[in-house]
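All values below were derived from every heavy atom in this structure, side-chain atoms included, with hydrogens, water molecules and symmetry-related copies excluded. All values reported here derive from a predicted model rather than from experimental measurement. We name chains A, B, ... by the order of the sequence lines, and we start the count at 1 in each one.
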There are 2 protein chains.
Amino acid sequence: MATPSRRRAAPVRARRSHAERTAETRAKVMAAVVASIASVGFQRTTAAEITRRAGVSWGAVQHHFGDKDGILDAVLADSFERFAQRLAGVELDGLDLDARVATFVDGAWEHFGSPHYRCTFEILLNHPGAEGDAWQGMLEAWNEVWTRFFPAPHLARREVVALQLYAISVLSGLATARALGGRPARLLDGPLALLCEALVQNLEA
Amino acid sequence: MATPSRRRAAPVRARRSHAERTAETRAKVMAAVVASIASVGFQRTTAAEITRRAGVSWGAVQHHFGDKDGILDAVLADSFERFAQRLAGVELDGLDLDARVATFVDGAWEHFGSPHYRCTFEILLNHPGAEGDAWQGMLEAWNEVWTRFFPAPHLARREVVALQLYAISVLSGLATARALGGRPARLLDGPLALLCEALVQNLEA
DNA sequence: GCATTTACAGAACGTTTGCAATGTAAATGT
DNA sequence: ACATTTACATTGCAAACGTTCTGTAAATGC
């Protein structure tokens, strides 16, 4: 006997529960979408390209997401989730404004600079369906995190909105600038420092 | 006789020279592309959609631009041209830094906020061909305008690049933020003022 | 164990895409 | 005036796209 073990000779494929299978396949597909959009853009992220990168058939995708819009929606939701999660767990007690701003910008850039935001961005830009709503949802998530970091009751709502929009613009713009021109990552430290500067100046009482 | 005039009764179509025809048709096609991308996005800007909006046949497009990439390249070039032109004619003598910054940001936003930049942006994002080169070209045009507005010999090259990238990011990010969420235009005045503030602070000797 | 449900594979289909090919009217040069 | 070139219209097509449909293996519940 080539395989001397008694019951299961060569467990080429381990037994997996339905829940495990579902979680793994969904994760593979969504990761494939993110990777594809990040590297070849939205337009060339076709159904065939997704199945190729994920290593699953279209049948699997259809089973878990329904159609292509279903995958895109799931990826959007996942991306927001990741962002909120990343900045929700940070401990802020005892940090002064400088430190808070630095922490905030750091964490936010981890998200905006990641393929996940690139992905979110292109989906929102091209996907006609959940256009307004999804972006609005992102702004709310952003606002929630922001108010936790910077309570700032001395500022008018109008000024806060302007500051938020400003910060989002810098981060989003920086991310797309890097995506368009293949520029070295260290060039981005300067602009990020400028953003911190601007935030500190406009947030302190 | 229903049309009593002597020679040409109803000149439904005036006689146009070849040069005029070419100029008009090219302009109509390029305007159609800009309008289409600005309103329905890159993906849904198909060949048929372009011909529909331009009111010309595909044969005409083919004749003047070759293929779809040809139109896109032409639109890119035209967009850069418009930007450079807009800021090149401004007289700067006798303006102090504040005024220069305000003028610069104003003019730059006229471009970044226009459908032409939205168009440039989406083409660069989705068009695989001239990706790096075209963006590099835009940066050069940007740099040329910038150095005319802000000679600033006291700053290190590194700092200047950071400031430039920062300004581009704010403007581009603001434009895309407006494109994604249909937000009121007046909300953008705040962030633009913040950009001016940041530029003045970092440019003065 | 066995029926049922769930997870996934793969081919087939109808539509849309960009583009080539061909034809025609208008303008130009001589 | 007429031949030639330029500007534009129309049709047809092959490839690619998203999706539907059918089939099969694996896991679950009884």
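A:Arg53 contributes no side-chain N or O that, together with a main-chain N or O of A:Thr45, makes up a donor-acceptor pair within less than 3.5 Å. A donor-acceptor distance shorter than 3.5 angstrom exists from the side chain of B:Ser114 to the backbone of B:His111, with no hydrogens or angles considered.
Checking D:dA27, D:dG18, D:dA7 against every side-chain atom of B:Arg21, the shortest atom distance belongs to D:dA7. If you check D:dA27, C:dC19, D:dT19 against the side chain of B:Asp67, the one that comes closest is C:dC19. Listed nucleotides D:dT19, D:dC17, D:dA7 differ in distance to A:Ala47; the shortest reach to its side chain belongs to D:dT19. Considering only the side chain of A:Thr46, D:dG18 comes nearest among D:dG18, C:dT17, D:dT28.
Phosphate proximity of C:dC8 to A:Thr25: present, with a side-chain N or O under 4.0 Å from OP1 or OP2.
In this pair, A:Phe112 and A:Tyr117 present their aromatic rings tilted. The plane angle is within the 30 to 60° band. Note: A:Phe150 and A:Trp146 have perpendicular aromatic rings, judged against thresholds of 30 and 60 degrees for the angle between ring planes.
When the C1' atom of C:dT17 is taken as reference, atom CD of B:Glu49 falls 13 Å away, rounded to whole Å. Rounded to an integer number of Å, the gap from CZ of A:Arg16 to C1' of C:dC8 is 10 Å. Atom CD in A:Glu24 sits roughly 9 Å away from atom P in C:dC8 (whole-Å rounding). Distance NE2 (A:His18) to P (D:dA27): 7 Å, rounded to an integer number of Å.
Residue order along DNA chain C, read from the 5' end via each residue's closest nucleotide, puts A:Val56 first among B:Ser17 and A:Val56.
Pairs engaging residues 60-69 of chain A under the side chain to side chain donor-acceptor pair (under 3.5 Å) rule: none recorded [sequence neighbours left out].
For B:Glu159, there are no side chain to side chain donor-acceptor pair (under 3.5 Å) partners at least two apart in sequence or on another chain. Partners of B:Thr103 by side chain to side chain contact (heavy atoms under 4.5 Å, CB included), not counting sequence neighbours, listed by chain and number: B:Val90, B:Leu95, B:Phe149. A search for side chain to side chain contact (heavy atoms under 4.5 Å, CB included) contacts involving B:Arg52 returns B:Glu49, not counting sequence neighbours.
For DNA chain C, the residues of residues 57-66 of chain A within the heavy-atom distance limit of 4.0 Å (strictly under) are A:Ser57, A:Gly59, A:Ala60, A:His63, A:His64, sorted by number. Within residues 33-45 of chain A, no residue approaches DNA chain C, by heavy-atom distance under 4.0 Å.
Considering B:Phe104, B:Phe80, B:Trp135 in turn, B:Phe104 is the only one that fulfils the ring pair (Phe, Tyr, Trp, His ring centres under 6.0 Å) rule with B:Trp142.
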